Protein chains: 2
Amino acid sequence: MATMHDVARLAQVSVSTVSYVLTGTRPISQATRNKVLAAMAELDYQPNAMARGLASRRSRILGLLMPMDERGLGATETAFVTGAAAAASAAGYHLVLSPVGGGDPGDLRRLASQRMLDGVVLMEVQLADERVTVLQEAGVPLVLIGRTGDASTLSYVDIDFDQTVREAVAHLVGLGHRQIVYVNHSAATLASGYGPALRTRDAFAAAMTGHGLDPVMIAAEDSAAGGRAALAAAFARAPELTAVLAMNESAIFGILGELSGRGLSVPDDVSVVSMVTSPQVAELATPALTAMTSPGSALGRIAIEALTRHLDDPGDHRHQQLLPCALEIRGSTAAPRRRQPMGADQ
Amino acid sequence: MATMHDVARLAQVSVSTVSYVLTGTRPISQATRNKVLAAMAELDYQPNAMARGLASRRSRILGLLMPMDERGLGATETAFVTGAAAAASAAGYHLVLSPVGGGDPGDLRRLASQRMLDGVVLMEVQLADERVTVLQEAGVPLVLIGRTGDASTLSYVDIDFDQTVREAVAHLVGLGHRQIVYVNHSAATLASGYGPALRTRDAFAAAMTGHGLDPVMIAAEDSAAGGRAALAAAFARAPELTAVLAMNESAIFGILGELSGRGLSVPDDVSVVSMVTSPQVAELATPALTAMTSPGSALGRIAIEALTRHLDDPGDHRHQQLLPCALEIRGSTAAPRRRQPMGADQ
DNA sequence: ATGAAAGCGCTAACAG
DNA sequence: CTGTTAGCGCTTTCAT
């Protein structure tokens, strides 16, 4: 393994010169730069990351902390990761994914205090997230995906749930639907302070009220069975429902299954819109689902860019940005079928 | 940020003593160890990972290289990652996931040559995988998940596809099925040398032949549409089929959709078994799928254990191990319905 | 535009 | 059982 000294000797310059052609922190004449580059190539030189990190006090490694639960990573999260990785690489950083469970904050504290990460992007942030505290105390620059309850002083990028819900509701109302049920995550998830669930809940209530409609909302366990149960509950609460808006990738198939089990067809009898859903998942269903597609890879890219910008210029301030999901119309939405002859119910 | 010197001064010992209580590489009296530990606690000391790595020439970081494609990580892969992370942590290593695409081997070469990874676990290994060559040339210890074509000199842990297919076929044959179609990954995937697709293909042919049956095999694109097309092809090739064995999580929903589209019920008309499938995905379908569940977390744990064992004792040799998937019977398999009255076709 | 040299914080001989 | 000290390979003043 060639070291910088070897390169310097072969190129007949000092080690500092070699270092400077590498970092570009001071002008080097074209002639000597070429000599050095040639020597590096000849020796197949690779700088030692540890030595560089020790001397410069910057590892050039960024951490992406993601809670890995049993359900796995959906296409949405994956797009996020690949977007982040590409941005990091473009900025000259390595991105390492750390599957630190929300379980042990000590683990995280250790990682952060060992100066092995220059900065961190936090995924799946809770409204009250102790990881944020831990990292701030350790003095690690961080960017959130999602927001804590009071994120006013933090950098974050998040989905614009308000706008997303409004657009989804507008699509359904535009088709003529009046009885729309929102299927959210579970009551336990709501209670735990999961931001997306809470924000969409409020946004749905506001959007429906804005249209002069009654917002019916149901919580569903994250499973097919949960979806089935939720749909049953939905019909109990709103027998005339003609559309379901759901934000629960695990429950959506249960909802569809229960619908067809009741002899109801999508979209003729009931329209379905799935929120924060990847095209891949949307295409799994028959018919393919009209969905609000999350801006996964853009979120990842923007988060990393904000972080590296701050790292390379500490004067750079907090970055706060919301991105809406995009409405992609597929086969699961249509105008409602008239259940009863016009005026018959009067 | 307290350093080792600070700890040594406070504890009134030398830095080396502090270092040795940390590494445990030489005996320390209980008395001084306590002094040192107390000083560490008081200063909230955390060793600097870079300095330690530079001096010891070991980063204590393990890399898990996983290609992240658009489809995302299934529950299977996630279980694998969490199993690996737990094992690494137990062995005193950090595990970083690196989403290096198969795209740029230069990227990987750089990572490896910078001595930032003590060892590497490679996921989704192809039969001919240049990443293996790159890492071997860089002298990075590695363990494969999956196998290259000639893996005789390498360490690996993989699914026992032969055994898994045999068990799945035995289950169906045991129920009375004779016309079983195997839906594999796409022809392109086969051609690219994707081990699991090739090994299961051969295993299926062998298993069916062993039962005196005709092995009908169909390739399917990794999508719902691919699954639908595959099922159509299957009926064209084997009109009397009563069971489908599939190893394609993306196509399976298309297969089920097409089945119900043709008015065929599962499992009464056609039984379905999904291979290398997580319980989570199996439960998404209606009825829930009988599946061969992959030993995800065990694979991850064993791979990391083999790697750390080798790192801590270079004398330790290559580790090669196969683990079968477990048959989990759910609602998608049953005895075939008699299509024609007994003896009527003679 | 270049060189010399002092660390960065830790490990691991080498000495007792 | 403990202390002294020479690096690990690089960055970054300070000189010139």
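Below, chains carry the letters A, B, ... as their sequence lines are ordered, and counting in each starts from 1. Note: hydrogens, waters and symmetry copies are ignored here, and every other heavy atom, side chains too, is used. If you're wondering where the values come from, they're calculated on a predicted model, not measured in any experiment.
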Length of the line joining [X]:[atom1] and [N]:[atom2], which is rounded to integer Å:
X        : N       : atom1 : atom2 : value
Met50(B) : dT11(C) : CE    : P     : 14 Å
Gln46(B) : dC10(C) : CD    : C1'   : 15 Å
Arg33(A) : dT2(C)  : CZ    : C1'   : 13 Å
His5(B)  : dG3(D)  : NE2   : C1'   : 12 Å
Ile28(A) : dT2(C)  : CD1   : C1'   : 7 Å
Arg9(A)  : dT2(C)  : CZ    : P     : 20 Å

Looking only at the side chain of Asn48(A) (C-beta and beyond, no hydrogens), which of the listed nucleotides dC10(D), dT2(C), dC10(C) gets closest?
dC10(D)
What does nucleotides 11-16 of chain D look like as a protein-contact string, B for base, S for sugar-phosphate only, - for none, at under 4.0 angstrom between heavy atoms?
BBBB--
Base, sugar-phosphate, or nothing: which does Leu54(B) touch, judged by heavy atoms less than 4.0 Å apart?
base
If you measure from [atom1] on [X] to [atom2] on [Y], what distance do you get to the nearest 0.5 Å?
X         : Y         : atom1 : atom2 : result
Leu62(A)  : Thr308(A) : CG    : OG1   : 7.0 Å
Met1(A)   : Asn48(A)  : CE    : CG    : 9.5 Å
Ile302(B) : Tyr156(B) : CD1   : OH    : 13.0 Å

Which residue in the set Gln321(B), Gln320(B), Arg318(B) passes side-chain contact (heavy atoms from CB on, under 4.5 Å) when paired with Ser155(B)?
Arg318(B)
On a heavy-atom basis, the closest approach of Ile159(B) and Arg147(B) is O-NH2, 3.7 Å
Counting heavy atoms not belonging to Gln12(A), are there more than 12 under 6.0 Å from its CD?
no
For a quick test of reading the model: is some side-chain N or O of Thr32(B) closer than 4.0 Å to OP1 or OP2 of dC1(D)?
no
